Amino acid sequence: MLKKAKYRKDYRSPDFTVTDIYLDFQLDPQQTIVTAKSQYQRLNPESQQLRLDGHNFQFISIKLNGENFKSYEQDEESLTLDLTHVDTKNFELEIVTHLQPSTNTSLQGLYQSGDGICTQCEAEGFRQITYMLDRPDVLARYTTKITADKSKYPYLLSNGNRIAAGNMEDGRHWVEWQDPFPKPSYLFALVAGDFDLLQDNFVTKSGRNVSLELYVDRGNLDRAHWAMTALKKSMKWDEERFNLEYDLDIYMIVAVDFFNMGAMENKGLNIFNSKFVLANPQTATDEDYLAIESVIAHEYFHNWTGNRVTCRDWFQLSLKEGLTVFRDQEFSSDTGSRAINRINNVKFLRTVQFAEDASPMSHPIRPEKVIEMNNFYTVTVYEKGAEVIRMLHTLLGEKGFQAGMQRYIADHDGKAATCEDFIVAMEQANNIELKQFRRWYSQSGTPELRVTDFYDEKNHTYQLKIAQSTAPTADQMEKVNLHIPVKIALYDENGIEQCLQANGVGLSEVLNLTQQEQTFEFQNIYTRPVPALLCDFSAPVKLDYAYSTKQLITLLKFAKNDFIRWDAAQMLFNAELRRNLTNYQQGQELDFSNEILTALSQVLENYQQDIGLTTTILTLPKETEFAELFKTIDPEGIYAVCEFMQRYIAENLKDLFLKTYNEIQLGSYQVTEQDIALRGLRNLCLNYLAYTNLGNNLVNKHYTYADNMTDSLSALKAATQAQLPCRNQLLADFEQKWQHDGLVMDKWFTLQATRPEENTLAHVQQLMEHPSFNFNNPNRLRALVGGFCMHNLKGFHVADGSGYRFLTEVLLKLNESNPQVASRLIEPLIRFSRFDPQRQTLMKRALVRLSETDNLSKDLFEKIEKALQ
Ligand code: B3K
Ligand code: ZN
């Protein structure tokens, strides 16, 4: 494989395009024959070389306008046709290739999943099927004929509408599909297999009937209903909030077990990781239910933001992903709790995206340089991308933002667009200019706001001085000032909100920070206020303001903005952790502030006011979250202090936890906002109580009486994390019950991988031999290996480097079988600079070893090269 970087600045529009393509698949897991007949059009009359992308198949033949064609050059990843003697503008190419889906463990292109066959083409998988102009700005109309054995593959699916079908005498059958909407090759999909089918329908607001089909493995029909409900809910919501209606007469979703990511938005035929489809109360947790709903929504929303308007080139990925994440977040917030959604999204952004910004992989939401595109489906492109869209929404308001959306869709429907096009649409619809705001697309790194304040008792004025800075990142040394919306509120000591005003006029709660440093003044403020900064987390930045404990407790108690209340609690925990970590490192006693404990107990006592918020406030940050507070991470220290804090709060609020635990009564399992919140709080209480002398009995009982996965898993988690005597017996019981079900076993694998015991690595290695484990299944790998390497800070970073050696072995194997998954799992290793010199040496040694492998994939190469630079 060539490992050459591509640069955004080098974009050139294509010299040729494809208008129509007719694909014929003679499907067989051992040998599939693909005949692709495409209508090409020369866009640049000067151009005589046509370079097509393609690799990993057996190339059989090529014809031009029906004649065998010989004037080409072939290399590892392309076929270049010499068209010197072809003088027409339009011509037809017919290309035959042979593929072997059964051995395609990379899960890109055409591959076998279980007993079925399916495709994954984004970003550049189509070129593993046939030679093609495999780039998103080439949009063609697809017709697809699939022929396969009828008993093994009763369902043959592709994009668009089913236009013909028939049986053959040899036991095979065929189906022909046609997609009326021109699309890039990455949205092509094909599925063949035997499934249970859940059917439903949706009537769009203009009265069109859309049939909805959800395909799951045989026997799983009872686990498909939630996803179907979510789909209909998404379709309705997109009509109401974004005025966007579905366009085809059929929408299909297929759940498969072998899948590299969450799901894929192929036009009219979404393919999903079964993890994001299948749910019933026994197998799925509340969290799973909500995740399914949001992924179903996300893929559905892509129909407009991604499919109807697609990306010009892959550097523009955030155009569709950032926007679609924003849309799915808004969907979840409109249909569930806005505050809890916001808090969870911010938690994720702060831990995972901020960490990426501080890593060798740091990149702007619109990257400048890419070797392997699959490496850029990142939290930066997705989640930070969504934050950038959210800031636009904050600046323009819902009305202005929606006007911009309508404009964007109207101007670019059926075309491939850029991030710039999106901003221009927002500008034009709102008659403003967003020159400085654009920098969010080109600057990487997490900005930091340093806030100081000054209260003038005499004149009753209050000043906030806000300075911005962004530290240099691995990819970009020089940073510029950004346009940062800072949403604020001021409270007096009694928690009364103060009016924001100056010179007799009310001021907006959103401050526009555009310069390196700005001072904002508020008048008629009669006591020194407590500032609530970054309400709703109005910008993806770090905040540095010297809050006192007292101020934070005021915000925790009184702030109207739920995000601020939660964030105040986070800051209190962070301060306790920092202080205690120093104590720990100096061999001193650990302690916990009484004031904070009292404040937490008050929150818990008043849980009826807001059950969900109470739970998030009382949830201690995970070790991996705490780790992000430090430049150099101390895995043992962080674990020790976390454990101490958990135990301390548990011991000291034991009675209250028990009272709350007993007070909460739930009927039979239902997925409603209220019940999810109640279960969440009850399980939080259980989790704390597990660290007290009541733990073993209570957890055991909780597990035994649980009638749903949320409760069973909470008990199991409490037992393993608190290392209760009952844990082995409960783990065995769970295993016995669920060993036939990979998705459920993933939860069990992760629990074991994140156990705090000393010998966890040995245990993980043993589990890789477990009958329910399968090295070729990305879900299993992520659950067990990912669980250990990414979520067990102490276990993975044991000082002797055994964790690093283990991951290296796994990566060497995965480099061959599934480079995409390898590239996700290598992340903890490339972040060596965040650890002490001894660990750094060991981690670098592992990377050097990997770098010396023959056939190192582009995916791993790109990350290792950046890390070792
Ligand atoms: N667009 C796909 C992700 C494709 C990843 C390719 N490596 C799913 C999504 O974001 O909706
Ligand atoms: Zn997406």
Side-chain angles (χ1 to χ4, degrees), residues 237 241-242 286-287 289-291 293-295 297-298 301 321-354 365 379-380 382-398 401 440 446-447 449 484-489 497 509-511 531-543 552 555-556 558-574 603 609-622 625 628 673-674 676-677 680-681 684:
W237 181 88
R241 173 100 186 251
F242 278 79
D286 293 341
E287 224 179 297
Y289 273 93
L290 296 178
E293 195 172 67
S294 99
V295 180
H298 180 98
F301 299 153
E321 295 304 348
L323 179 55
T324 305
V325 171
F326 170 78
R327 277 153 52 67
D328 84 53
Q329 289 177 351
E330 281 301 291
F331 165 76
S332 299
S333 304
D334 282 350
T335 58
S337 160
R338 180 163 287 274
I340 303 292
N341 273 290
R342 189 64 190 138
I343 289 167
N344 288 336
N345 293 335
V346 172
K347 224 195 260 202
F348 183 68
L349 189 86
R350 278 183 177 160
T351 353
V352 190
Q353 199 281 322
F354 285 14
I365 63 168
V379 276
T380 299
Y382 276 62
E383 272 72 20
K384 185 178 178 184
E387 291 302 314
V388 172
I389 305 288
R390 185 170 296 283
M391 285 188 286
L392 277 174
H393 187 271
T394 303
L395 293 171
L396 304 174
E398 169 71 2
F401 182 82
W440 281 104
T446 311
L449 302 186
I484 303 176
V486 186
K487 190 168 159 190
I488 65 147
E497 194 174 351
E509 56 186 2
V510 179
L511 311 178
L533 302 165
L534 283 179
C535 297
D536 292 322
F537 201 58
S538 61
V541 301
K542 289 185 183 165
L543 181 66
L552 287 174
L555 291 179
L556 170 60
F558 302 112
K560 289 208 184 109
N561 193 276
D562 289 342
F563 169 81
I564 291 288
R565 291 190 61 198
W566 168 79
D567 204 27
Q570 293 286 298
M571 288 191 252
L572 289 167
F573 287 137
N574 289 349
V603 172
Q609 281 174 12
D610 192 332
I611 302 158
L613 189 64
T614 302
T615 310
T616 55
I617 287 175
L618 286 164
T619 304
L620 276 180
K622 290 197 249 123
E625 292 174 53
E628 283 319 303
E673 200 184 323
Q674 168 82 358
I676 291 178
L681 182 56
L684 174 94

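Every heavy atom of this structure was used, including side-chain atoms; hydrogens, water molecules and symmetry mates were not. Nothing here was measured: the structure is a model prediction, and the numbers come from that model.
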Which heavy atom of I564 sits nearest a heavy atom of A559, and at what distance? CG2-CB, 3.6 Å
Give a yes or no on whether the backbone of Q329 and the side-chain of S332 come within a donor-acceptor separation of less than 3.5 Å. no
Could you check whether any side-chain N or O of T394 sits under 3.5 Å from a backbone N or O of S538, counting only pairs where one atom can act as donor and the other as acceptor? no
Heavy-atom side-chain proximity of I488 to V486 below 4.5 angstrom: yes
So D328 and V295, do their side chains get closer than 4.5 Å, heavy atoms only? no
Minimum heavy-atom separation for I617 and F573, please, with both atom names. O-CE1, 3.4 Å
Could you check whether any side-chain heavy atom of T614 comes within less than 4.5 Å of a side-chain heavy atom of L681, counting everything from C-beta outward? yes
Can you name the closest pair of heavy atoms from I611 and A677 and give their distance? CG2-O, 3.4 Å
4.5 Å side-chain heavy-atom contact, S337 and E673: yes
Say you draw a straight line from CD of Q570 to CG of L556; how long is it, rounded to the nearest 0.5 Å? 11.0 Å
Would R342 and E387 pass as an ion pair if we require N to O under 4.0 Å? yes
For the residue pair T615 and G680, what are the closest heavy atoms and their distance? CG2-O, 3.7 Å
Heavy atoms, side chains only, cut-off 4.5 Å: are Q353 and Y382 in contact? no
Which class fits the ring pair F242 and F401: parallel under 30°, tilted 30 to 60°, perpendicular over 60°? perpendicular
For a 4.5 angstrom cut-off between non-hydrogen side-chain atoms, does L511 reach K487? no
K347, NZ atom: more than 12 neighbouring heavy atoms under 6.0 Å: yes
Salt-bridged, E330 to R338, with N to O below 4.0 Å? yes
Please evaluate residues H298 and E321 with respect to the criterion side-chain hydrogen bond (donor to acceptor under 3.5 Å, both in side chains), reporting the C-alpha separation (whole Å), side-chain torsions for both, the decisive distance (0.1 Å), and the verdict. CA-CA 9 Å; H298 180 98; E321 295 304 348; 3.2 Å; yes
Is there side-chain contact between K542 and L449, with at least one heavy-atom pair below 4.5 Å? no
Evaluate the side-chain proximity of P540 to L349: yes if any heavy-atom separation is below 4.5 Å, no if none is. yes
From E628 atom CD to F354 atom CZ, the distance as rounded to the nearest 0.5 Å: 10.0 Å
Please step through side chain to side chain contact (heavy atoms under 4.5 Å, CB included) for the pair D334 and R241, ending with a clear verdict. CA-CA 9 Å; D334 282 350; R241 173 100 186 251; 2.9 Å; yes
Check against side chain to side chain contact (heavy atoms under 4.5 Å, CB included), F348 and V379: CA-CA 9 Å; F348 183 68; V379 276; 3.4 Å; yes
Below 30° counts as parallel, above 60° as perpendicular, anything between as tilted: where do the rings of F537 and F563 land? tilted
Which heavy atom of A539 sits nearest a heavy atom of L534, and at what distance? N-CD2, 3.9 Å
What residue pairs, at least two apart or across chains, pass side chain to side chain donor-acceptor pair (under 3.5 Å) with a residue in residues 559-569? R350-D567, E497-K560, D536-N561
Measure across N341 and S333 and return the closest heavy-atom pair with its distance rounded to 0.1 Å. CB-OG, 3.7 Å
